[in-house]
Amino acid sequence: MSGTVARIHRDAYAERMVPGDLFSGQDAFMQRFDAYTVRPEFDMVIAYRDGEPVGQAWGWPLGRHSGDAWWLGLLEEPEPGFTREDGARTFALSEIMVGREWAGQGVGRALHDELLSARPEARAVLLVRPHNTTAYRAYTGWGWRKAGALRPNVPHAPDMDVLITPLPISPPPKLPPAVIMQKSA
């Protein structure tokens with residue numbers, strides 16, 4: 001699975017990767033991915049076309065311990081109890097990425113909806129760089145709203161905006177022709 005994830009990551013971000021980037025570079029990204037996959041509740045969806053991976057999305061529910069780690073660096077709690085986690089309240093959507101050839105064709109939305117549509121948690125949360133206007137526009141168009149700002153407790157992490165959306169979401173839309181989803185949990 002790591003090889004597939006690395007391949008999609010390179011394809012999705014090749015033009016934006018800076019050699020030696022200690023947060024977004026391939027090595028740092030794959031180290032974080034490997035750490036995420038040891039979580040028993042890790043959930044992932046991969047999109048394929050003609051047997052080739054074209055996109056991926058993953059995350060996990062925030063438990064008491066993982067929730068404490070996730071919310072470290074929150075600049076201001078939007079409301080009392082916002083960061084209280086119990087494993088059933090919040091699903092952390094960690095990544096959505098689509099290969100460059102498939103960007104803008106509905107694959108990202110399909111991955112998002114496939115991953116989140118069956119989640120039992122009450123809400124989902126994600127982090128997005130404030131200046132990533134493409135992602136921000138997509139997320140807000142899909143119903144996400146800003147809840148705060150956070151600097152993740154990860155070495156060299158940039159400041160991020162915290163977006164949330166209520167769950168469940170509507171069933172996934174139709175996929176682009178010839179795209180198949182595969183759930184990998």
Side-chain angles (χ1 to χ4, degrees), residues 5 9 12-13 16 21-24 28-45 55-98 108-173 183-185:
V5 168
H9 179 255
Y13 295 109
R16 292 179 278 185
D21 183 327
L22 298 176
F23 179 75
S24 299
F29 175 82
M30 290 308 299
Q31 286 176 350
R32 287 194 309 276
F33 175 76
D34 290 341
Y36 301 151
T37 60
V38 300
R39 301 168 190 265
E41 59 279 334
F42 178 83
D43 197 5
M44 181 174 186
V45 178
Q56 58 200 5
W58 68 75
W60 57 87
L62 296 179
R64 185 167 288 132
H65 177 69
S66 61
D68 288 347
W70 178 273
W71 294 117
L72 278 177
L74 185 65
L75 299 181
E76 185 177 320
E77 194 166 7
E79 59 193 49
F82 182 81
T83 62
R84 186 187 72 251
E85 301 298 349
D86 59 10
R89 182 178 189 208
T90 307
F91 183 80
L93 175 56
S94 181
E95 293 287 344
I96 297 178
M97 62 186 72
V98 176
R109 175 67 188 263
L111 285 161
H112 167 274
D113 290 359
E114 182 70 22
L115 184 62
L116 296 179
S117 64
R119 296 300 319 171
E121 295 82 12
R123 67 182 185 178
V125 63
L126 63 78
L127 303 177
V128 63
R129 292 181 189 208
H131 62 274
N132 185 344
T133 57
T134 302
Y136 225 108
R137 191 172 29 256
Y139 294 139
T140 56
W142 300 343
W144 294 79
R145 67 173 177 80
K146 183 177 176 181
L150 181 145
R151 168 159 282 165
N153 188 30
V154 176
H156 311 287
D159 290 339
M160 303 277 202
D161 280 352
V162 176
L163 303 185
I164 63 169
T165 195
L167 294 176
I169 63 168
S170 301
K183 195 121 170 148
S184 303

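Just so it is clear, the model here is predicted, and its values are computed rather than measured.
- Within the 4.5 Å cutoff, side-chain heavy atoms of M97 are placed close to those of W58.
- By the 4.5 Å heavy-atom criterion applied to side chains, E95 and Q56 are not counted as neighbours.
- Put simply, the side chain of M160 reaches to within 4.5 Å of the side chain of P152, judged on heavy atoms.
- Heavy atoms from other residues, nucleotides or ligands lying under 6.0 Å from CZ of R123 number more than 12.
- Every side chain to side chain contact (heavy atoms under 4.5 Å, CB included) that D159 has, sequence neighbours left out, goes to R151.
- Note that the OG1 atom of T165 and the CG atom of L93 stand 10.5 Å from one another [nearest 0.5 Å].
- Sorted by first and then second residue, the salt bridge (Lys or Arg N to Asp or Glu O under 4.0 Å) pairs with a member in residues 70-83 form an empty list; sequence neighbours excluded.
- Residues forming a salt bridge (Lys or Arg N to Asp or Glu O under 4.0 Å) with R119 (at least two apart in sequence, or on another chain): D43, E121.
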Kindly list each side-chain donor-acceptor pair under 3.5 angstrom involving residues 136-149, sequence neighbours excluded, with atom names and distances?
residue : atom : partner : partner atom : Å
Y136    : OH   : D161    : OD2          : 2.7
T140    : OG1  : Y136    : O            : 3.0
T140    : OG1  : R137    : O            : 3.3
W144    : NE1  : H112    : NE2          : 2.9

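- Between A124 and L116, the shortest heavy-atom distance links the atoms CB-CD2, 4.2 Å.
- The structure places CD of E85 at 6.5 Å from CH2 of W71, a figure rounded to the nearest 0.5 Å.
- Taking the side chain as every heavy atom from C-beta outward, L62 and V125 approach each other to under 4.5 Å.
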